Undergrad: 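Got a structure for you, written out below as structure tokens; questions coming shortly.
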Amino acid sequence: MRLSRYFLPVLKENPAEAQIVSHRYMLRAGMIKQQAAGIYSWLPLGFKVLRRIEQIVHEEQTRAGHIPLLMPTLQPADLWRESGRYDDYGQEMLRIKDRQDREMLYGPTNEEMITDIFRAHVNSYKDLPLTLYHIQWKFRDEMRPRFGVMRGREFLMKDGYNFDVDREAALHSYNRHMVSYLRTYERMGLTAIPMRADSGPIGGDDTHEFLVLASTGESEVFFDSAVTELRLGNRDVDYDNREAVAAVCKEFTTLYARTDETHDAALFDAIPEERRKVARGIEVGQIFYFGTKYSASMGAEVVTKEGTKVPVEMGSHGIGVSRLLGAIIEASHDDKGIIWPEGVTPFHAGIVNLKQGDAAADAACAGLEAALIKAGLDPLYDDRDERAGAKFATMDLIGLPWRITVGPRGLEKGIVELTSRRTGVSEEMTPEAAVAKLITIYEGHK
RNA sequence: CGGAGCGUAGCGCAGUCUGGUAGCGCACCUGCUUCGGGAGCAGGGGGUCGGAGGUUCGAAUCCUCUCGCUCCGACCA
């Protein structure tokens, strides 16, 4: 993409309404535009990152054997009367009447609807296990939306629902989700710690929240500092192997890590003092096992091997997709702007032409752009007729992890500069070497 | 929903107390000079002062109502 033809409305000054760094940078980098309290348009750059995050979520869900579908944003109220949540949910649920005066709602979550789909089409234990998920816009009419996309009223969420024949199988589904979530967050460059949490209005017996540590987080968290060292890495976990999956979960949940809702001071104090940490975190996901809470009230039953009917065992699992944009920026930025992890960056590299209009520089940039595209990468070439400083400032702000700087001075020696946004370290090399190095860097992030 | 603020050009703000016909910086347009970390000079365009009513010879400014947004708190992916 050439910047002169793109739509990237960057702001030099900080918008008055943005209080936290991720919100400020998303506005300044031209990623979002607020349309109402807690409701945003996603401008091209923000939309690109949102899509990359969605893609990673899809890939990891598919890897775990979960099946994508798509449910509507609007739901009939009657479905929620069956589960009893229509009255319980409160003002946070946006209620709407259509022209026939039918009561509708903009879905804050989809347990009822997925249970309705399940009961209509599944009758036998032979069709289990089954996990269905979608990535869809939700609406929760928060009393006080804030922090940009971190606490919007409209937000994009991946929500998945597992259906299993018995508790043991359902717990495996729970564990499978935990591992798939660990992989998902690591691919996004995040350290998200699973913490024992409170079940809240969804209800249930077992639940973990995934927290990204950040000083601006809304939750207070207590943990053993050793948990932050744990990494899933490139381990090839067999998602069908209950013991293997459970072992990973055990590894990640044995050390103390809890939110303030479930914090136990006695257990916490048993940790060696130097490893005892109190910090703040951003919740980027949550998994629940809730058994037959919805299947019993809504009549979602399957026939077992023995021929008896039992309500299906369920759980639900969510990832705050739009919130992740904010969480990633909170966890990865400096005073110049965003620093995208390679896994989610909107463009793989920026090309800065220091002297637009110089024949050699123009040709070298065009050549680099073509070579990167040919290699399957997605570069952003700043071909604007701007001074070097303005181009650097824009690149730093929008946070592309790698920048190739091209100028007449270097070209005389046959070299360009490849600069890491994260470390600031520049290396001089030939254009061909820069392309080769970028290909290598991104091999692990495709 | 309780408490506190703010709405003036695309963005950031001054002007409101003390009423007199709207201003600054950035951005934008034109020209010239610059050009390896947000250039300089000159010229130029753009605003129903959130909206409605009222007071007044006259309202961005005073009064009433209303809408929107932000912050603190309680609630939450």
Side-chain angles (χ1 to χ4, degrees), chain A residues 9-20 23-24 27-28 30 33-39 57 89-93 107-110 135-160 181 192 197-202 207-212 217-219 259-261 281-288 316-327 336-337 352-358 361 382 384-397 403 405-412 416-417 419 424 426 428:
Chain A
V10 300
L11 305 174
K12 228 173 189 179
E13 288 171 286
N14 282 323
E17 75 268 20
Q19 299 296 312
I20 65 168
H23 191 194
R24 277 206 301 275
L27 290 166
R28 284 194 51 202
K33 181 185 186 307
Q34 181 167 327
Q35 305 292 171
I39 299 176
V57 172
Y89 221 94
Q91 289 299 301
E92 203 176 278
M93 184 154 74
T109 177
N110 286 66
I135 297 178
Q136 177 62 292
W137 293 94
K138 306 288 189 291
F139 195 93
R140 294 185 190 174
D141 201 357
E142 300 280 343
M143 289 178 194
R144 187 150 96 85
R146 65 190 119 169
F147 304 148
V149 300
M150 299 258 282
R151 176 155 300 286
R153 290 192 293 171
E154 186 183 55
F155 58 98
L156 189 61
M157 180 166 124
K158 171 262 162 181
D159 45 323
Y181 279 25
D198 189 60
S199 62
I202 307 276
T207 176
H208 281 84
E209 287 179 355
F210 290 78
L211 278 292
V212 171
E218 291 189 87
S219 314
T259 65
D260 51 359
E261 293 164 341
I282 301 164
E283 189 191 338
V284 292
Q286 187 161 12
I287 52 177
F288 293 96
S316 71
H317 317 277
I319 292 179
V321 173
S322 49
R323 171 180 284 185
L324 274 166
L325 281 269
K336 290 181 196 158
V352 169
N353 187 341
L354 293 173
K355 198 170 174 79
Q356 207 69 44
D358 176 272
D382 189 346
R384 295 172 303 166
D385 190 17
E386 288 283 348
R387 297 162 63 89
K391 293 190 178 188
F392 288 142
T394 298
M395 283 295 172
D396 288 343
L397 176 63
R403 184 185 81 211
T405 309
V406 180
R409 201 182 294 169
L411 288 176
E412 281 174 21
V416 297
E417 277 174 38
T419 307
S426 283
E428 296 194 337

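Convention: sequence-line order gives letters A, B, ...; per-chain numbering from 1. Below, each value reflects all heavy atoms present in this structure, side chains not excepted, and no hydrogens, waters or symmetry copies. It should be emphasised that the depicted structure is a prediction, and the values quoted were computed from it without experimental measurement.
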Undergrad: If you measure from the C1' atom in B/rC69 to the same atom in B/rU8, how many Å do you get, rounded?
TA: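 My reading of the C1' atoms in B/rC69 and B/rU8 gives 15 Å.
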Undergrad: Taking CD from A/Glu417 and P from B/rG36, how many angstroms apart are they, rounded to a whole number?
TA: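 Computing the A/Glu417:CD to B/rG36:P distance gives 13 Å.
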Undergrad: Rounding to an integer number of Å, can you tell me how far A/Phe392 CZ sits from B/rG38 P?
TA: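 So the two atoms are 10 Å apart, to the nearest Å.
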Undergrad: Say we look at B/rC49 and B/rG10: how far apart would their P atoms be, to the nearest angstrom?
TA: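 Roughly 13 Å separates the two P atoms.
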Undergrad: Any side-chain heavy atom of A/Leu27 sitting closer than 4.5 Å to one from A/Glu17?
TA: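 A/Leu27 vs A/Glu17: side chains touch.
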Undergrad: Flag the pair A/His317 / A/Lys158 as yes when at least one side-chain heavy-atom distance between them is below 4.5 Å, and no otherwise.
TA: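 A/His317 reaches A/Lys158 side chain to side chain.
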Undergrad: Rounded to the Å, how far apart are A/Glu142 CD and B/rC75 P?
TA: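 Computing the A/Glu142:CD to B/rC75:P distance gives 12 Å.
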Undergrad: Between B/rA42 and B/rA9, how far apart are the P atoms? Round to whole Å, please.
TA: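 Here B/rA9 and B/rA42 have their P atoms 26 Å from each other.
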Undergrad: On RNA chain B, compare the nucleotides closest to A/Ala18 and A/Met157; which residue's is nearer the 5' end?
TA: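 The residue mapped nearer the 5' terminus is A/Ala18.
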Undergrad: Under the criterion of centre distance below 5.5 Å and interplanar angle below 30°, is A/Phe155 classified as stacked on the base of B/rA77?
TA: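 It does: the two rings, one from A/Phe155 and one from B/rA77, meet the stacking criterion.
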Undergrad: Among B/rG12, B/rG36, B/rG37, find the nucleotide with the atom closest to the side chain of A/Arg403.
TA: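 Given the options B/rG12, B/rG36, B/rG37, the side chain of A/Arg403 is closest to B/rG37.
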Undergrad: Return the pairing partner of B/rA60 with a 3.5 Å limit on both distances, Watson-Crick or G-U wobble; otherwise return none.
TA: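 Looking at the geometry, B/rA60 pairs with no nucleotide.
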Undergrad: Can you tell me the distance, in whole Å, between the CZ atom of A/Phe288 and the P atom of B/rA77?
TA: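 Answer to the nearest Å: 7 Å.
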Undergrad: From B/rG12, B/rG38, B/rC72, pick the nucleotide closest to the side chain of A/Glu17?
TA: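 Per side-chain heavy atoms of A/Glu17, the pick is B/rG12.
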Undergrad: When you measure from the side chain of A/Ala37, which nucleotide among B/rG37, B/rC26, B/rU70 comes out closest?
TA: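 Output: B/rU70.
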Undergrad: Heavy-atom distance under 4.5 Å between the side chains of A/Gln19 and A/Arg146, does that happen here?
TA: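 SC-SC contact between A/Gln19 and A/Arg146 ruled out.
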Undergrad: Nearest whole angstrom, please: distance from the C1' of B/rU33 to the CZ of A/Arg387.
TA: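 Between C1' of B/rU33 and CZ of A/Arg387: 11 Å.
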Undergrad: NA contact type, A/Lys12, heavy-atom cut-off 4.0 Å: base, sugar-phosphate, or nothing?
TA: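 Base contact.
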Undergrad: Quick one: which of B/rG25, B/rG36, B/rU70 gets closest to the side chain of A/Glu13?
TA: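 The listed nucleotide nearest to A/Glu13's side chain is B/rG25.
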Undergrad: Please state whether the phosphate of B/rA77, meaning OP1 or OP2, lies under 4.0 angstrom from any side-chain nitrogen or oxygen of A/Arg323.
TA: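 Checking B/rA77 against A/Arg323, no side-chain N or O comes under 4.0 Å of OP1 or OP2.
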Undergrad: In whole angstrom, give me the gap between the C1' atoms of B/rC28 and B/rG47.
TA: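 That atom pair is separated by 15 Å.
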Undergrad: Heavy atoms under 4.0 Å, any strand shown: does A/Gly318 hit a base, just sugar-phosphate, or nothing?
TA: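 Result for A/Gly318 = nothing.
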Undergrad: Working to the nearest 0.5 angstrom, can you tell me the gap between A/Gln286 CD and A/Leu211 CG?
TA: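 Answer for the CD-CG pair, A/Gln286 versus A/Leu211, is 9.5 Å.
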Undergrad: What is the separation between atom CG on A/Leu354 and atom P on B/rG36, rounded to the nearest whole Å?
TA: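 These atoms are roughly 8 Å apart.
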Undergrad: With hydrogens left out and only the distance checked, is there a donor-acceptor pair under 3.5 Å joining A/Asn14's side chain and the base of B/rG12?
TA: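 No.
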Undergrad: With respect to the phosphate group of B/rC71, does any side-chain polar atom (N or O) of A/Arg144 fall under 4.0 Å of OP1 or OP2?
TA: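 It does, given that an N or O in the side chain of A/Arg144 lies less than 4.0 Å from OP1 or OP2 of B/rC71.
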Undergrad: Write down the distance separating the P atoms in B/rC29 and B/rU16, rounded off to the nearest Å.
TA: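 Pairwise P distance, B/rC29 against B/rU16, rounds to 34 Å.
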Undergrad: Is the shortest heavy-atom distance from the side chain of A/Phe392 to the side chain of A/Glu386 under 4.5 Å?
TA: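 No, their side chains stay 4.5 Å or more apart.
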Undergrad: Given the P atoms of B/rC57 and B/rC13, what is the spacing between them in whole Å?
TA: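 To the nearest whole Å, 37 Å.
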Undergrad: I want to check something: taking the side chain as every heavy atom from C-beta on, are A/Arg384 and A/Thr394 in contact at a cut-off of under 4.5 Å?
TA: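 With C-beta onward as the side chain, the pair touches.
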Undergrad: What is the pairing partner of B/rC26, taking Watson-Crick or G-U wobble pairs with both distances under 3.5 Å in any strand?
TA: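 The answer is B/rG10, by the H-bond criterion.
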Undergrad: Check every atom of B/rA77, B/rG38, B/rC75 against the side chain of A/Glu92 and return the nucleotide holding the closest atom.
TA: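 Of B/rA77, B/rG38, B/rC75, B/rC75 is nearest to the side chain of A/Glu92.
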Undergrad: For A/Thr394, which contact category applies under a 4.0 Å heavy-atom criterion: base, sugar-phosphate, or nothing?
TA: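 If one applies the 4.0 Å heavy-atom cut-off, A/Thr394 turns out to touch a base.
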Undergrad: Taking the six-membered ring for Trp, are A/Phe210 and A/Tyr181 parallel (under 30°), tilted (30 to 60°) or perpendicular (over 60°)?
TA: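 It falls in the tilted class, 30° to 60°.
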Undergrad: For B/rC49, which nucleotide in any strand shown is its Watson-Crick or wobble partner with both distances under 3.5 Å?
TA: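 With both distances under 3.5 Å required, B/rC49 matches none.
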Undergrad: Hey, could you give me the CG/CE distance between A/Asn110 and A/Met157, rounded to the nearest 0.5 Å?
TA: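 Interatomic distance, A/Asn110 CG to A/Met157 CE, rounded to 0.5 Å: 7.5 Å.
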Undergrad: Could you work out which one of B/rG37, B/rC72, B/rG12 sits closest to the side chain of A/Pro15?
TA: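 Selected nucleotide (nearest to the side chain): B/rG12.
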Undergrad: I want to check something: taking the side chain as every heavy atom from C-beta on, are A/Glu261 and A/Glu209 in contact at a cut-off of under 4.5 Å?
TA: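 Yes, at least one pair of side-chain atoms sits under 4.5 Å.
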Undergrad: Just name whichever nucleotide pairs with B/rG2, Watson-Crick or G-U, keeping both distances under 3.5 Å, else none.
TA: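 B/rC72 is the nucleotide pairing with B/rG2.
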Undergrad: Base, sugar-phosphate, or nothing for A/Gln356, non-hydrogen atoms under 4.0 angstrom?
TA: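 No contact at all - A/Gln356 keeps every heavy atom at 4.0 Å or more from the nucleic acid.
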Undergrad: Counting only Watson-Crick pairs (N1-N3 plus N6-O4 or O6-N4) and G-U wobbles (N1-O2, O6-N3), all under 3.5 Å, who is the partner of B/rU18?
TA: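 B/rU18 is unpaired by these criteria.
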Undergrad: Counting the atoms with a prime plus P, OP1 and OP2 as sugar-phosphate, which does A/Gly326 contact under 4.0 Å by heavy atoms, base, sugar-phosphate, or nothing?
TA: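 No contact.
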Undergrad: What is the distance from NE2 of A/His23 to P of B/rC71, rounded to the nearest Å?
TA: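 Value for this atom pair: 8 Å.
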Undergrad: Compare the minimum distances between each of B/rG38, B/rC69, B/rC75 and the side chain of A/Gln34, then state the nucleotide with the smallest one.
TA: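 Closest nucleotide among those given: B/rC69.
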Undergrad: Expressed as a whole number of Å, how far does the P atom of B/rU48 sit from that of B/rC11?
TA: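 Straight-line distance between the two P atoms is 14 Å.
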Undergrad: More 5' along RNA chain B: A/Leu156 or A/Pro145, using each one's nearest nucleotide?
TA: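 It is A/Pro145, whose closest nucleotide lies nearer the 5' terminus.
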Undergrad: Considering only the C1' atoms, how many Å lie between B/rG20 and B/rA59, rounded to the nearest integer?
TA: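 About 10 Å, rounded to a whole number of Å.
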Undergrad: How long is the line joining CG of A/Asp385 and C1' of B/rG38, in whole Å?
TA: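 The answer, rounded to whole Å, is 15 Å.
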Undergrad: Across the strands shown, which category fits A/Gly90 at heavy-atom distances under 4.0 angstrom: base, sugar-phosphate, nothing?
TA: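 The residue A/Gly90 makes no contact with any strand.
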Undergrad: Should B/rA39 form a Watson-Crick or G-U wobble pair with both distances under 3.5 Å, which nucleotide is its partner?
TA: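 B/rA39 is paired, partner B/rU33.
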Undergrad: Return the nearest nucleotide to the side chain of A/Met143; candidates are B/rA74, B/rC75, B/rG38.
TA: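 Out of B/rA74, B/rC75, B/rG38, the nucleotide with an atom closest to A/Met143's side chain is B/rA74.
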